[in-house]
Amino acid sequence: LRNDTRLARELENLCDHISCIHIHNHNGFLSHQSLAAGKIDFSPLKKYRSMDIPLILESDYRQTSPDLPAQDIRYLSMVIA
């Protein structure tokens, strides 16, 4: 999502072939972080909600608060609303 123009072009070209989008955050060192823990701005996903493509939250919550998955879902719901 860092290069929104390129992402938009790729999604438009591939949208008929995409069955889901796996999302997670990255903090500069570790991938598969919670959405709140990293540096990626997920707000550009709002443009693609009409494509009806499932968003799969793919984060490693093993060493986090039990509330963090629900917080990430609420955050994502607000971002793409």
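Numbering of residues begins at 1 and proceeds along the displayed sequence. All values reported here derive from a predicted model rather than from experimental measurement.
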>> Between Ser59 (side chain only) and Gln33 (backbone N and O only), is there a donor and an acceptor less than 3.5 Å apart?
In response: yes
Cut-off 3.5 Å, no hydrogens considered: what does the side-chain donor-acceptor table look like for residues 69-81, sequence neighbours left out?
residue: Asp72; atom: OD1; partner: Leu35; partner atom: N; Å: 3.3
residue: Asp72; atom: OD2; partner: Leu35; partner atom: N; Å: 2.9
residue: Asp72; atom: OD2; partner: Tyr61; partner atom: OH; Å: 2.6
residue: Ser77; atom: OG; partner: Ile73; partner atom: O; Å: 2.9

>> Can you list everything that forms a side chain to side chain donor-acceptor pair (under 3.5 Å) with His22? Sequence neighbours excluded, please.
In response: Glu58
>> Can you confirm whether Ile21 sits close enough to Ile56 that some side-chain heavy atom of one is under 4.5 Å from a side-chain heavy atom of the other?
In response: no
> What distance separates Asp60 CG from Ser34 OG, expressed to the nearest 0.5 Å?
Replying inline: 10.0 Å
> Where is the tightest heavy-atom contact between Ser19 and Pro54, given as atom of each residue plus distance?
Replying inline: O-CD, 3.1 Å
